[in-house]
Amino acid sequence: MTEQLIALLFCGLLVFMLGVYLLFAFRNLLRLIIGVEVVAKGVTLILLAAGVARQGIGFIQSLLVTFILVETILAAVMLALAVMVNKIYGSLDVKLLSKLKG
């Protein structure tokens with residue numbers, strides 16, 4: 001493995017761990033959404049490093065484009081839910097969502 005591949009993998013793992021920290025450290029809904037997006041970007045970098053290591057760039061690129069599209073749709077749905085939670089409860093605190101029992 002070359003130094004560039006190791007650096008790409010290391011950066012991917014670092015970004016992934018930063019996203020996991022954001023998911024566990026905060027209770028604000030917007031910060032959780034940002035954490036999910038950061039985790040997804042870390043996974044994208046790790047997948048790219050795996051594709052470079054196996055010399056399968058064409059397949060990995062098509063997989064990453066699909067992953068980015070799904071990630072964008074997920075972000076739009078999560079942000080729409082955050083807007084509705086803010087409209088109903090007046091706050092983005094996740095503890096208020098524990099009242100939702102169904």
Side-chain angles (χ1 to χ4, degrees):
M1 291 175 42
T2 65
E3 294 90 19
Q4 295 168 345
L5 183 61
I6 292 173
L8 184 63
L9 187 61
F10 178 73
C11 288
L13 287 173
L14 188 66
V15 169
F16 180 81
M17 289 188 298
L18 178 67
V20 170
Y21 170 74
L22 285 172
L23 287 174
F24 287 128
F26 298 107
R27 291 188 176 163
N28 189 344
L29 199 56
L30 286 179
R31 289 187 181 169
L32 291 177
I33 293 170
I34 291 170
V36 168
E37 291 299 311
V38 170
V39 165
K41 296 303 177 195
V43 169
T44 302
L45 287 173
I46 293 170
L47 285 175
L48 183 61
V52 169
R54 295 190 53 128
Q55 285 88 25
I57 291 296
F59 175 70
I60 290 297
Q61 282 180 344
S62 62
L63 182 69
L64 289 180
V65 167
T66 306
F67 182 70
I68 290 170
L69 178 69
V70 170
E71 175 193 350
T72 304
I73 293 169
L74 178 69
V77 170
M78 287 189 303
L79 287 172
L81 287 174
V83 166
M84 292 307 295
V85 165
N86 190 27
K87 191 181 222 184
I88 293 171
Y89 292 107
S91 175
L92 291 175
D93 190 14
V94 178
K95 286 192 121 190
L96 294 176
L97 297 178
S98 64
K99 295 178 186 175
L100 298 175
K101 307 248 182 196

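Positions are given from 1 along the sequence.
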Ile6 side, atom CD1; Cys11 side, atom SG - distance, nearest 0.5 Å: 12.0 Å
Enumerate, atom names and distances included, each donor-acceptor pair closer than 3.5 Å involving a side-chain atom of residues 21-32, sequence neighbours excluded.
from: Asn28; atom 1: OD1; to: Leu30; atom 2: N; distance (Å): 3.3

Testing the basics here: between Ala53 and Leu5, what is the closest heavy-atom pair and its distance to 0.1 Å? CB-CD2, 3.6 Å
Separation of Leu92 CG from Asn86 CG (nearest 0.5 Å): 4.5 Å
Nearest non-hydrogen partners of Ile60 and Leu48, listed with the distance: CG2-CA, 4.1 Å
I need the Leu18 CG to Leu13 CG distance, nearest 0.5 Å. 12.5 Å
How would you list, by chain and number, every residue that makes a salt bridge (Lys or Arg N to Asp or Glu O under 4.0 Å) with Glu71, sequence neighbours excluded? Lys41
Heavy-atom closest contact (Ile33 atom, Ala82 atom, distance): CD1-CB, 4.0 Å
Within one Ile-Leu-Val-Met-Phe-Trp-Tyr cluster: Ile88 and Met78, side-chain cutoff 4.5 Å: yes
How far apart are the closest heavy atoms of Ser91 and Asp93, and which atoms are they? OG-N, 3.2 Å
With a 4.5 Å cut-off on side-chain heavy atoms, are Ile68 and Thr72 touching? yes
Is Phe10 reachable from Val38 through a run of hydrophobic residues whose side-chain heavy atoms are each under 4.5 Å from the next? no
Does one hydrophobic cluster hold both Ile34 and Leu79, with members joined at side-chain heavy-atom distances below 4.5 Å? yes
Val20, Leu47: one ILVMFWY side-chain cluster at the under-4.5 Å cut-off? yes
Look at the side-chain heavy atoms of Ile, Leu, Val, Met, Phe, Trp and Tyr, link any pair under 4.5 Å apart, and say whether Val94 and Leu81 land in one connected group. no
